Amino acid sequence: MKRLFVIATLLGAAPAMADEGMWTYNNFPSAKVKEKYGFEPSQQWLDNARLSSARLAGGCSASFVSANGLVMTNHHCARGCIDQLSTAKKNYIANGFYAKTQAAETQCPAMEINQLVKITDVTETLNKATQGLTGKKYADTLKAKMSELEQACSAGNAKARCDVVTLYQGGQYNLYEYKRFQDVRLVMAPEHAIAFFGGDPDNFEFPRYDLDVTFLRVYEDGKPATTNNFFKWSDKGAKEGELTFISGHPGRTSRGLTVAELEFHRDVQLPKTLMMLSEMRGMLTEFGRRGAEQRRISTNMLFGVENAVKALKGRHEALLDKAFFAQKVAAEQELRKKVNANPEMKKKYGAAWDEIAKAQTELRNIRKDLAFMENGSGLSSTLFSLARTLVRGAEELNKPNGERLREFNQANVPALEAQLFSPAPIYPELEIARLTFSLTKMREELGSDHPFVKKVLGKESPEKLAARLVKGTRLRDVKARQALYKGGKAAIAASKDPMVQLAAALDPDMRAVRKSYEENVESVIRKNSELVAKAKFDIYGTNQYPDATFSLRLSYGAVKGYTENGKQVSPITQMAGTFAHATGEEPFALPKSWLKNEKALDGTTPMNFVSTNDIIGGNSGSPVINKDAEIVGIVFDGNIHSLGGEYGFDESVNRSVSVHSEAIIESLTKIYGATRLLEELRPGSTKVPPVKASPAK
C-alpha cells in the first residue's frame with residue numbers, strides 16, 4: 001500500500017494542510033476553515049458543539065440530541081449494554097430493542113457518559129513541579145501533581161470527573177473537567193444484522209449499507225437529565241461537497257512518535273498483538289459453534305476481536321510501506337539537524353531521541369513479562385480482573401491520592417465502583433474458555449520454567465486451573481464483591497475465594513514488572529518526548545494539532561468521494577443498495593423487519609456516506625454536523641486507507657464513513673415505528689405511518 005502523506009504530517013511540525021487534524025477545542029483553526037470553506041466557527045459555536053458532544057467511558061463517542069438527555073451513539077458502541085440486557089429468551093442483539101414509553105427505557109448495567117464542561121491549561125504548573133527531575137523522581141512527582149490537580153478539580157462533586165490530558169507527547173498538559181452521567185438507559189437499538197450489515201468482510205470498506213446507530217438516555221435523580229446544549233437534526237442531511245465537522249474522542253494516534261518508537265510498533269508490538277488476536281478469534285469462533293447460547297454470549301467479544309485484527313493489520317501495513325517509513329526517518333533527521341545546529345537547543349534537546357531509543361530497547365526486554373503478568377494477556381478473565389481490582393483497591397485506596405496507582409485516583413473511583421458492582425452477567429463457560437486460552441499462551445510465551453508461570457499453574461494444567469478457579473469463586477455475586485470491597489485488607493486476607501487468593505499471591509510480581517516499566521521505560525519516554533515536543537515548538541511554532549488521546553477533538557472536512565484502483569468511488573450510497581447488497585446469508589442477511597418493509601422505503605434515501613474528516617478509532621459514535629451545528633450523520637467507521645491514519649493522513653484517500661441522518665429517520669419512521677423517538681428528534685414532525693414489523697422488546 002503506497003501512500004504519500006502530507007508534508008505537515010511527516011514533519012509533525014508545520015501547520016496542517018488540507019482537511020487534516022484532530023484539533024483540540026481550545027486551539028481550533030477557525031480561520032483556516034473560513035479560508036477553505038467560507039465559514040468561520042465562532043467561540044459560541046465551538047462552546048455549543050463541545051457541550052453537545054459526549055464520551056462513552058468504555059472508548060466511544062456520542063452526542064446529545066434532545067433537551068431531555070437523549071444520546072445518540074453507534075450500535076457497536078452500545079453492544080455491551082445491549083448484550084448485558086439480553087437473555088436467551090430476549091435477545092436484543094439479534095432482535096433489536098425499542099422502548100415505546102419512558103418507563104420501558106432500561107438501565108445499562110455498567111455505562112458512564114461524560115460531557116466536557118471546562119478545559120484548563122496546566123502546563124506551567126506541571127513543568128514547574130517536575131523541573132530538573134528525571135527517572136523515578138520525575139515520574140512520581142508528575143503523577144502526584146496530576147492527581148492533586150484532578151482531586152482539587154472534582155473535590156466535593158460526585159458528578160464531576162477530572163483528567164489531566166497529556167498533549168504533544170508532554171509538550172502541553174490540559175485539565176479536562178467532565179460532568180459524569182452514570183444512570184444511562186437504553187432507548188432504541190436496531191438488529192445486529194443491519195447495524196453490522198456486511199460483517200467483517202465489509203468492515204473498513206466502502207460502499208457501505210449499515211444502520212449502526214443506537215439511542216440512549218442519561219438520567220439524573222431518576223429523571224431524564226435536562227441538557228441545555230444539544231445538536232438539532234438537519235432537515236436535509238449531508239450533501240456531496242458540503243462542509244462537515246466531526247466532534248468526538250479519537251482514541252490514540254502515533255503521528256508524533258520517534259522513529260525508534262515506530263520501529264517497536266512495526267517490528268514487535270503490532271505483529272505480536274495480531275498473532276495473539278488471530279488465535280483468540282479462532283478460540284471464540286470454536287466456542288460459538290458449541291451451541292446457540294454459547295454463540296450468543298461470545299458474539300460481542302468476537303466482534304471486538306475481529307474489528308481489532310482488521311484495524312491493526314491496516315496500521316501494520318502502513319509501517320511496512322518502505323517509502324512512507326523512509327519519509328518518517330527523513331523528517332526526524334531534518335528536525336534533529338536543526339536542533340544540533342543551534343548550540344542552546346542541542347544542549348536542551350539533542351539527547352532526547354537517543355534516550356527514547358534506549359527506553360525502547362528496555363521495553364523489548366520486558367515486553368513479555370509486562371504483557372502476560374501486568375497487562376492481562378496471561379489471565380484474561382472478567383472474574384480475575386474483578387479479583388485483582390478488589391485486591392489492589394484494598395491497598396491503594398488507603399494511600400494518599402497522589403501515591404496511588406493512576407487507575408485508583410479519587411477521580412476514577414466512581415467509575416471503578418460502577419464496574420466493580422455492575423450486575424452485568426458473567427458466563428462461567430466463557431470465562432473458563434478465555435482463561436484456559438490465556439494461561440496456555442502465557443506458558444508458551446514466558447516458558448514453563450518462568451517463576452511467574454510456576455507460581456500461577458503449580459502442578460495444574462491451564463484447563464484444570466481455569467475450571468477450578470471459575471467454579472470455585474463467588475465473585476459472580478455482586479454482594480460478595482461488595483463485602484470484600486467494604487471489608488478492605490482484612491477481608492481480602494481472610495478470603496478463601498480461590499480467585500481472590502490467586503490475585504493476592506500474584507500481585508507483588510505484577511507490581512514489580514509494572515514498577516520496572518514505569519521507572520525505566522515510561523518515565524524516560526515521557527520526559528524525553530516532552531523535550532522533542534518543545535524542540536518542535538521552538539523550530540516550527542505551535543500552530544499544529546496534537547496526537548489523539550481519547551480526549552474531545554473537532555475535525556473538519558467535506559462529503560467527498562475518492563479514487564480506488566483507478567475507479568471513482570461515489571461518496572453516498574442509497575437505501576436501495578442495501579437490498580441489492582443482500583444475499584440472504586450472514587453477514588449479508590437483512591433482518592425480517594427490513595425485508596417486510598422494503599416497498600415502504602424510499603430507495604433513493606441516502607444510506608451511508610464518506611467525508612474527508614480526519615478520524616481514528618474512538619471516533620465511533622461521533623456526530624457529523626454541518627455549519628449550523630445540525631446532525632447530518634453519525635460516524636461508524638473509516639475506509640481501509642484510514643487505518644494508516646494512526647501514523648499519518650492522506651486527504652486523497654483517507655475517509656470517515658458515516659450513517660446518513662436521513663437513513664436514520666427513514667428507518668425509524670417506516671421500519672420501526674418509533675413515533676416517540678422521532679418526535680423528540682424532530683419536534684413537530686409529520687405523523688409516523690403504520691409499519692408491518694418492529695424489533696422485539
Side-chain angles (χ1 to χ4, degrees), residues 268-269 271-290 294 297-302 304-306 308-309 312 365-392 419 425-476 481 492 495-514 516-517:
V268 182
Q269 180 174 302
K272 292 292 185 181
T273 304
L274 278 167
M275 179 67 74
M276 184 84 165
L277 287 172
S278 296
E279 293 185 35
M280 188 180 298
R281 177 173 57 185
M283 181 274 291
L284 290 170
T285 299
E286 183 280 327
F287 182 89
R289 290 173 179 161
R290 297 180 187 179
Q294 287 89 342
I297 66 177
S298 62
T299 294
N300 192 45
M301 188 175 296
L302 178 61
V305 169
E306 287 183 335
V309 167
L312 295 181
N365 294 335
I366 67 170
R367 182 197 64 82
K368 288 185 179 181
D369 284 358
L370 185 66
F372 287 93
M373 294 171 64
E374 171 63 14
N375 290 347
S377 295
L379 290 139
S380 177
S381 156
T382 300
L383 290 167
F384 182 81
S385 179
L386 290 168
R388 190 170 80 158
T389 299
L390 288 165
V391 168
R392 286 193 168 174
Q419 291 289 330
I426 300 172
Y427 304 103
E429 186 180 0
L430 182 57
E431 283 288 291
I432 292 171
R434 289 176 59 197
L435 194 51
T436 298
F437 171 80
S438 58
L439 289 169
T440 301
K441 296 307 299 179
M442 178 186 70
R443 187 171 62 181
E444 289 177 7
E445 290 290 326
L446 298 185
S448 57
D449 289 332
H450 193 289
F452 187 78
V453 175
K454 288 183 174 181
K455 194 169 188 177
V456 173
L457 291 175
K459 299 292 184 180
E460 293 181 280
S461 67
E463 295 87 348
K464 287 185 177 180
L465 177 61
R468 178 174 66 82
L469 290 171
V470 173
K471 292 177 180 178
T473 186
R474 293 183 61 243
L475 293 184
R476 289 178 64 207
R481 303 199 295 261
I492 294 295
S495 176
K496 301 300 181 184
D497 188 294
M499 201 70 82
V500 174
Q501 289 180 327
L502 180 65
L506 299 180
D507 196 46
D509 303 273
M510 293 175 165
R511 285 178 180 267
V513 71
R514 176 169 175 159
S516 175
Y517 168 73

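Note that the structure is predicted; figures quoted are calculated from it, not measured.
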Partner residues of Arg468 under the side-chain hydrogen bond (donor to acceptor under 3.5 Å, both in side chains) criterion, sequence neighbours left out: Glu460
Which atom of Phe372 lies closest to which atom of Phe452, heavy atoms considered: O-CE2, 4.2 Å
Gap between atom CG of Leu379 and atom CG of Leu469 - 0.5 Å precision: 8.5 Å
Any donor-acceptor N/O pair, Ser380 side chain to Ser377 backbone, under 3.5 Å: no
Please report, to 0.1 Å, the donor-acceptor pairs under 3.5 Å made by any side chain of residues 272-289, with sequence neighbours excluded.
residue	atom	partner	partner atom	Å
Thr273	OG1	Gln269	O	2.7
Ser278	OG	Leu274	O	2.8
Glu279	OE1	Lys441	NZ	2.8
Glu279	OE2	Lys441	NZ	3.2
Thr285	OG1	Arg281	O	2.8

Euclidean distance, Ser381 OG relative to Ile432 CD1, rounded to 0.5 Å: 10.0 Å
Side-chain donor-acceptor pair present, Arg434, Thr382, cut-off under 3.5 Å: yes
Closest approach of Ser438 to Leu435 (non-hydrogen atoms, all atoms of both residues): OG-O, 3.1 Å
CA sep, side-chain torsions, deciding dist, call: Glu431, Arg476, salt bridge (Lys or Arg N to Asp or Glu O under 4.0 Å): CA-CA 11 Å; Glu431 283 288 291; Arg476 289 178 64 207; over 6 Å; no
Residues forming a salt bridge (charged side-chain N to carboxylate O under 4.0 Å, His left out) with Asp509, sequence neighbours excluded: Lys455
Polar side chain donor-acceptor pair, Thr436 to Glu463, under 3.5 angstrom: no
Partners meeting side-chain contact (heavy atoms from CB on, under 4.5 Å) with Thr473 (sequence neighbours left out): Leu383, Leu475, Asp497, Met499
Close side-chain approach of Val456 and Arg443, heavy atoms under 4.5 Å: no
Within-4.5 Å side-chain heavy-atom neighbours: Leu506 and Phe384: yes
Rounded distance (nearest 0.5 Å) linking atom CD of Glu444 with atom NZ of Lys368: 10.5 Å
Close side-chain approach of Val391 and Met510, heavy atoms under 4.5 Å: no
Separation of Ser516 OG from Arg511 CZ (nearest 0.5 Å): 15.5 Å
Which residues share a side-chain hydrogen bond (donor to acceptor under 3.5 Å, both in side chains) with Lys454, sequence neighbours left out: none
Heavy-atom pair of closest approach, residues Leu446 and His450: O-CB, 3.6 Å
Residue pairs involving residues 369-378 (criterion salt bridge (charged side-chain N to carboxylate O under 4.0 Å, His left out); sequence neighbours excluded): Glu374-Arg388, Glu374-Arg392, Glu374-Arg514
Contact summary for Gly447 and Val453, nearest pair of heavy atoms: O-CG2, 3.4 Å
